[in-house]
There are 2 protein chains.
Amino acid sequence: MARPASGASALPLDTILPGECAAAMDALPENSVDLIFADPPYNLQLKGDLHRPDNSTVDAVDDAWDQFDSFAAYDAFTRDWLRAARRVLKPDGALWVIGSYHNIFRVGAAVQDAGFWLLNDVVWRKTNPMPNFRGKRLTNAHETLIWASRSEGSKYKFNYEALKALNEGVQMRSDWTFPICTGHERLKNARGEKAHPTQKPEALLHRLLVATTDPGDVVLDPFFGTGTTGAVARALGRHYIGIEREAEYRDLAAARIADVRPYEAAALKVTTSKRAAPRVPFGQLVERGMLRPGEELLSGNGRFRAKVRADGTLAGEGVMGSIHQVGAAYEGAPSCNGWTYWHFKREGKRVPIDALRQQIRDEMGDPTG
Amino acid sequence: MARPASGASALPLDTILPGECAAAMDALPENSVDLIFADPPYNLQLKGDLHRPDNSTVDAVDDAWDQFDSFAAYDAFTRDWLRAARRVLKPDGALWVIGSYHNIFRVGAAVQDAGFWLLNDVVWRKTNPMPNFRGKRLTNAHETLIWASRSEGSKYKFNYEALKALNEGVQMRSDWTFPICTGHERLKNARGEKAHPTQKPEALLHRLLVATTDPGDVVLDPFFGTGTTGAVARALGRHYIGIEREAEYRDLAAARIADVRPYEAAALKVTTSKRAAPRVPFGQLVERGMLRPGEELLSGNGRFRAKVRADGTLAGEGVMGSIHQVGAAYEGAPSCNGWTYWHFKREGKRVPIDALRQQIRDEMGDPTG
DNA sequence: GTGCTTGGTGAATCAGTAT
DNA sequence: CATACTGATTCACCAAGCA
């Protein structure tokens, strides 16, 4: 009896539909898909060009599909596709949406207002985000995903043990660390340029689909783009339905997915590598109150002193800078490991500040880095 | 003279005001505080803890209609305190709000709708979150902060270099890792229980205040609770104003803050950017004889040359103008920092003219450290 | 083949002052 | 209020070229 687990025989399984996402969803039968993953336009509101310090220009997301006249226009767009999405979703189905601070708050509120029930928000921490070139803000190093069931009472699917296994035997947290999509995984178009400005990494979709679907389930992606959702769904033995307005994206996605070789049903094993010990900035010792601004540090040889400042730099005699810089300056050395060089006093004894760093690392104990 | 840097003499500095937060803010002068940090109630499942603007209490009920009713009530509450907050904020002031997925999307949308301009969202990653005991969801291991300036054009404050220093010389990212508030830091009430259910760690406030305020600035916290904001503000030489409805919290906070020993003023100095350093016209280098009219400068890459003229302009091949203009013309770039682009020869070595500017700044006695 | 250097780039709401 | 000018500002990773 090889019926699809979801009994969705009327659906256009494993195809990419053209058209506007809300209208295309309205043409599908209601209560019919298990999961929806949506990567809607972020409504970035970029003004002029942005240059890097080397004067090259940043290739911005300036596509027509990301242009909205106002918050109200974006909200109307959002509420419309959410309404259509909720209709095609099975009663026990769930929704994922990804966004950035530009749009995710509006989207999240609309998800709640549409009747979905929030289960978690998940932070995708990027290991290699684009820096903030002007030094005017924090590096925008993450995006946010919202996971919601169709209704408060939905019996949503969550493969708790699978995710625990993915996380070396401890519960999966709500912050996920992945690199952005680069290298061979990044699709190129016929002209050799990046095919899509916002292609998501397959690792992200992999974790998400392992967590909240089973083999045979139907995953709908109303903003299909170059088909990352379809590629990962096929590899993992899930069915996909994509909706994409632009023919060029549809063609690229179809070719990409055709190249995917599904994993053997038994082999959904994932390798997780232990990372090097996480980097702990000296400033954290100050922020956490382990060292007070104004407190005096001593060099290991007892010859030099410096005072801690509130931003995690040291002020010595005629020198200022990081723990490494001030140590190096005192010793007249080209470099210096400040962690072992500097000591603080506790109960009359001189303790290297590295002991405090170790304490923080012990607390972190997070293999996902 | 020891006037507050912010000239906010009419404000009730370093006090805790009683009352409802919006009404209490409305009693303060407008355009008067530098920063607002808000940790509003997280809402919705807090059974009976939520009040409508008219002070009637929202019944906690599960059905959809009342759920909508409760969203609407929370939104009204949020929009009201945001309106009051924006009024007391200086035009170049900024706002921080912290929340979880239960409320942060509604709050974030309201922040945008109120006219604030989002600068970043920041994720507080907890090193030691409470596990999800039932194994039905991901461990909720983070909370979200929103950082927004009062208006799109506000000249908000951001101590970029200080945060870079706190992070060992690389840009601070939008994900911050701290343990939750436990141990000695966690306030107990007279009955020995934890005094407040959602006390925030001081480390979080430390980073936030170092990042977006200077010593002497006024920080308003309309949901003061047990006064973490006040305690850290006092330690860091900032003024605070707290608003708190519950007398028990006010008493605990006051006692806690009184125990805080402010850090030495010298330790509060923070690394500053070159932008803050005084402007030195290139012509001064010529007037002072550091460069001779007719002397040849080389681009850093060695490909271009130009001659210094007596009025502090450069004459290149087919180009004339400022050090920046000539550099930009040679490189075909939209702009160019001539100070780092152009070099002169001394003892066979190529030295950037920026070194001469630094020499002048040193003579002026400018401690950019 | 290996290792080093150079160049390119990624969902980005990215300037301040004087005229 | 608009325009012009000064001049500050980047992290991690990948690919290609070269020694």
Side-chain angles (χ1 to χ4, degrees), chain A residues 39-63 65-68 71 74 98-104 124 126-144 179-186 193-194 196-201 223 225 279, chain B residues 92 112 116-121 147-149 152-156 158 160-161 164 167-174 272-283 301 312-313 321-325 327-328 333-342 353-354 357:
Chain A
D39 182 8
Y42 286 10
N43 191 24
L44 301 185
Q45 294 166 45
L46 308 178
K47 299 296 190 293
D49 278 353
L50 177 64
H51 298 280
R52 303 169 196 271
D54 66 3
N55 273 325
S56 63
T57 303
V58 173
D59 182 18
V61 178
D62 52 5
D63 306 67
W65 47 254
D66 198 38
Q67 306 302 320
F68 294 86
F71 281 140
Y74 186 76
I98 184 167
S100 68
Y101 69 85
H102 311 87
N103 72 324
I104 197 64
W124 167 29
K126 305 179 184 183
T127 58
N128 50 350
M130 195 186 321
N132 184 296
F133 294 114
R134 306 304 295 264
K136 302 302 292 181
R137 303 182 181 189
L138 299 161
T139 306
N140 191 10
H142 74 275
E143 295 188 21
T144 301
I180 60 176
C181 183
T182 57
H184 289 114
E185 193 185 317
R186 189 84 196 209
E193 308 152 341
K194 67 180 172 193
H196 194 283
T198 71
Q199 187 180 341
K200 296 293 176 290
F223 304 95
R279 199 170 58 86
Chain B
D92 289 335
Q112 290 182 306
F116 292 93
W117 190 246
L118 299 195
L119 299 169
N120 277 118
D121 61 339
W147 176 36
S149 61
E152 181 175 354
S154 296
K155 295 181 174 61
Y156 58 90
F158 180 53
Y160 172 75
E161 293 291 345
K164 193 171 171 180
N167 198 30
E168 293 218 312
V170 295
Q171 284 189 342
M172 185 65 79
R173 298 166 41 111
S174 56
T272 55
S273 74
K274 289 184 193 160
R275 254 189 284 263
R279 207 177 72 88
V280 176
F282 176 71
N301 55 29
T313 56
S322 73
I323 52 173
H324 315 297
Q325 288 167 340
S335 69
C336 169
N337 183 346
W339 290 106
T340 52
Y341 182 80
W342 292 109
I353 58 175
D354 204 24
R357 180 171 64 162

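To find a chain, count down the sequence lines: A is the first, B the second, and so on, and within it residues start at 1.
Residue B:Y341 has no polar side-chain atom (N or O) positioned under 4.0 Å from OP1 or OP2 of D:dA8. Side-chain N/O atoms of A:H51 include none lying less than 4.0 angstrom from OP1 or OP2 on D:dA8. Taking 4.0 angstrom as the limit, B:R357 places a side-chain polar atom (N or O) nearer than this to OP1 or OP2 of D:dA8. Taking 4.0 angstrom as the limit, B:H324 places none of its side-chain polar atoms (N or O) nearer than this to OP1 or OP2 of D:dT6.
Both A:P179 and B:K164 lie close to DNA chain D; mapped to their nearest nucleotides by heavy-atom distance, the more 5′-ward contact belongs to B:K164.
A:N140 places its CG atom 20 Å from the P atom of D:dT9, with the value rounded to the nearest Å. Between the CG atom of A:D49 and the C1' atom of D:dT9 there is a distance of 16 Å, rounded to whole Å. Atom CD of B:Q325 and atom C1' of D:dA4 are 9 Å apart (whole Å). Atom-to-atom, CD of B:E152 to C1' of C:dC14 comes out at 12 Å; the value is rounded to the nearest Å. As rounded to whole Å, 12 Å separates atom P of D:dC11 from atom CZ of B:R173.
Here the side chains of A:W124 and A:K200 are in contact, with some heavy-atom distance below 4.5 Å.
Residue B:K274 has its side chain nearest to D:dA8 when only D:dA8, C:dC14, D:dT10 are considered. The side chain of A:L46 lies closest to C:dA12 when the candidates are C:dC14, D:dA15, C:dA12.
Remark: A:T198 engages A:H196 in a side-chain hydrogen bond (donor to acceptor under 3.5 Å, both in side chains) (not counting sequence neighbours). The ring-ring contact (aromatic ring centres under 6.0 Å, His included) check on A:F223 picks up A:W81, with sequence neighbours excluded. The side-chain hydrogen bond (donor to acceptor under 3.5 Å, both in side chains) test applied to B:S174 returns A:H142, not counting sequence neighbours. Evaluation of the salt bridge (Lys or Arg N to Asp or Glu O under 4.0 Å) rule for B:E161 yields no partner, not counting sequence neighbours. Evaluation of the salt bridge (Lys or Arg N to Asp or Glu O under 4.0 Å) rule for B:D354 yields B:R357 as partners, not counting sequence neighbours. Scanning for salt bridge (Lys or Arg N to Asp or Glu O under 4.0 Å) contacts around B:K164 gives an empty result, with sequence neighbours left out. Residues satisfying the salt bridge (Lys or Arg N to Asp or Glu O under 4.0 Å) test with A:D59, not counting sequence neighbours, are A:K194. For A:H102, the side-chain contact (heavy atoms from CB on, under 4.5 Å) partners two or more places apart in sequence, or in a different chain, are A:L44, A:S100, A:N140.
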Original post:
What would the secondary structure line of DNA chain C be in dot-bracket form, counting Watson-Crick and G-U wobble pairs under 3.5 Å, with [ ] for pairs that cross earlier ones and | for pairs with another strand?
Top reply: .|||||||||....|||||
Could you run down the sub-3.5 Å N/O contacts of the protein with nucleotides 16-19 of chain C?
| residue | atom | partner | partner atom | Å |
| --- | --- | --- | --- | --- |
| C:dG16 | OP1 | A:K136 | NZ | 3.0 |

Could you go over nucleotides 7-11 of chain C and give all protein N or O partners under 3.5 Å, atom names and distances?
| residue | atom | partner | partner atom | Å |
| --- | --- | --- | --- | --- |
| C:dG10 | OP2 | A:K194 | NZ | 2.7 |
| C:dG10 | O5' | A:K194 | NZ | 3.1 |
| C:dG10 | N7 | A:R52 | NH1 | 3.3 |
| C:dG10 | N7 | A:R52 | NH2 | 3.0 |
| C:dG10 | O6 | A:R52 | NH1 | 2.5 |
| C:dG10 | N2 | A:N128 | O | 3.2 |
| C:dG10 | N2 | A:P129 | O | 3.0 |
| C:dA11 | OP2 | A:R186 | NH1 | 2.7 |
| C:dA11 | OP2 | A:R186 | NH2 | 3.1 |
| C:dA11 | OP2 | A:P197 | O | 2.9 |
| C:dA11 | N7 | A:K200 | NZ | 3.3 |
| C:dA11 | N6 | A:P40 | O | 3.1 |
| C:dA11 | N1 | A:Y42 | N | 3.0 |

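Across every non-hydrogen atom of B:W339 and B:V280, the tightest pair is CZ2-O, 3.0 Å.
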In a table with atom names and distances, give each donor-acceptor pair under 3.5 Å that connects a side chain of residues 46-53 of chain A to protein atoms at least two apart or in another chain.
| residue | atom | partner | partner atom | Å |
| --- | --- | --- | --- | --- |
| A:K47 | NZ | B:E152 | OE2 | 3.0 |
| A:H51 | ND1 | A:T57 | OG1 | 3.3 |
| A:R52 | NE | A:S56 | OG | 3.3 |

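Looking at A:T139, its side chain has no donor and acceptor atom pair within 3.5 Å of the base of D:dA12.
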